[in-house]
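Input: a single structure, listed below in structure tokens.
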Amino acid sequence: MSPEPTEARAGFGVYVYGVLPAKTASVPPDLVGLDDRHRVTVCAHEGLAAIVSRVALDEFGEERLRDNLARPEWLEQRVRGHERVLEAFLEAPALLPLRFGAIFRGDEQVQAMLAENADAFAAALERMRGRREWSVKAFVDRQALIEQLAASGGAGGGARGEGHAYFARKQRERDARERAHTVAAALAEELHETLAEAASADTYLPARSDAPDLVLNAAYLVERAQESSFLRVVQEAARERQPGGMRVEITGPWPPYSFVGRDEDAP
Amino acid sequence: MPYRGAPPAHGTSTNLADILERVLDKGIVIAGDIRIDLLDIELLTIKLRLLVASVDKAKEMGIDWWERDGGLSSLAESRDRELDERLRRLEAAAGLEPADADADGREQVEAPREHAHEPGAD
């Protein structure tokens, strides 16, 4: 079956997931896009290929898209789909993931976009060549840390009576809470520095309001040739910190979202 | 220590928050022919994270009426003040312009009406 052309047709647009060098763009034949009635294909212009698929405008057209973006289950499925498609290209030598939502009227418009941004894409592809993103999170049981710090604050009261002991303990707990915050931040920073040394680039990701035990959320850009040694560094770091109550998790490889920047020129 | 080897096959087992923070907040930004208000996406990321946590928690408690409900539009009528308040605090912390709840007719992302709307551990 020949690949479906994603040309401008009434009722359909072209969704763009990412960009990579045209000669390395190899699409798995059974890979479907966000609209699962349409397969993923590439739309090329000179040396660049956009990873695309057809999407229905009654879902992705401007008005409907706004409404749909507010529906969490719709958004979750489409966001997962965007990532799923890009993951099929993780073996390519270089890959530039786009942010969600780049939709064009047809192939011509996609090619025009590639032409307009050719230099920036080429530069970004060069920076990403042979590199993939890895995500590391570290967790510390904050409550346990607070208790440890409070306990090590020393015994209070004693000869001066139970009332004094009570207030002294309360003060230790307040101090411990503050110190736990500082200690957790220091632990996170120290781990991040250790891992960053083993990577080509690194960046922090946002803290999570729903996960107070998460002390480090970071991404690392790692050369393919260095991946096993990076993973060993992470495993070793995790092993060293585990007795102290820190849990380290790594996921990957990811397309290098965190390193392609908000504009194509940013590293 | 879990990590995904190649070839990746994450499906629903991969943490949604990890995907959201990349697909909606990172990557190269290209303006297509269909206009998406990008700031809305950032706000939606926050709302969605909260809602995902809330929905999971609600489901744990056996509350899933919205799955049987004909449409989510009925949620637009109700305002979950606590969720809005959390959202405003987060937006302020993130340095984002707070969305005007009345003027923004698109703000339909609401927590289920039952009490399970505090996200995760607090």
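To find a chain, count down the sequence lines: A is the first, B the second, and so on, and within it residues start at 1. Only a predicted model underlies this, so the values are computations on that prediction, with no experimental measurement involved.
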request  = Using a strict 4.0 Å threshold on nitrogen-to-oxygen distance, state whether A:Arg99 and B:Asp25 make a salt bridge.
outcome  = no

ask   = Can you check whether A:Leu75 reaches B:Leu24 side chain to side chain, under 4.5 Å on heavy atoms?
value = yes

ask   = Does atom CD of A:Glu240 have more than 12 heavy-atom neighbours from other groups under 6.0 Å away?
value = yes

query = Of all residues at least two apart in sequence or in a different chain, which pass the salt bridge (charged side-chain N to carboxylate O under 4.0 Å, His left out) check with A:Arg232?
reply = none

remark   = Okay, A:Asn217 and chain B: the region with an atom under 4.5 Å from a heavy atom over there is side chain

request  = Please examine the side chains of A:Leu69 and B:Ile36, heavy atoms only from C-beta on, and report whether any two atoms are closer than 4.5 Å.
outcome  = yes

inquiry  = I'd like to check B:Ile30 versus A:Phe121 (side-chain heavy atoms, cut-off strictly below 4.5 Å). Are they in contact?
reply    = yes

Part of A:Phe60 within contact of chain B (heavy atom distance under 4.5 Å) = backbone

inquiry  = For A:Ile103, which atoms come within 4.5 Å of any heavy atom of chain B: side chain, backbone, both, or neither?
reply    = both

query = Taking A:Val16, A:Leu86, A:Leu205, A:Leu96 one by one, which has the highest count of heavy-atom pairs under 4.5 Å against chain B?
reply = A:Leu205

query = Less than 4.5 Å apart, any side-chain heavy atom of A:Arg105 and any of B:Ile34?
reply = no

ask   = Looking at side-chain heavy atoms only, is the closest gap between B:Lys26 and A:Glu133 below 4.5 Å?
value = no

query = Going by residue number, which parts of residues 28-36 of chain A are within reach of chain B, meaning a heavy-atom gap below 4.5 Å?
reply = none

query = Out of curiosity, B:Ile19 CD1 to A:Ser135 OG, how far, rounded to the nearest 0.5 Å?
reply = 11.0 Å

message = Can you pull out every salt bridge (Lys or Arg N to Asp or Glu O under 4.0 Å) where at least one residue sits in residues 215-224 of chain A? Sequence neighbours excluded, please.
response = A:Glu91-A:Arg224, A:Arg131-A:Glu223

task = For atom CD of A:Glu62, decide whether the heavy atoms of other residues, nucleotides or ligands shown that lie under 6.0 angstrom number more than 12.
result = yes

task = Could you tell me which residues satisfy side chain to side chain contact (heavy atoms under 4.5 Å, CB included) with A:Thr203, sequence neighbours excluded, listed by chain and number?
result = A:Ala219, A:Ser258, A:Phe259

inquiry  = Are A:Arg78 and B:Val23 packed together at the side-chain level, in the sense that at least one heavy-atom pair is separated by less than 4.5 angstrom?
reply    = no

query = Taking side chain as C-beta onward, heavy atoms only, is A:Trp254 less than 4.5 Å from B:Asp18?
reply = yes

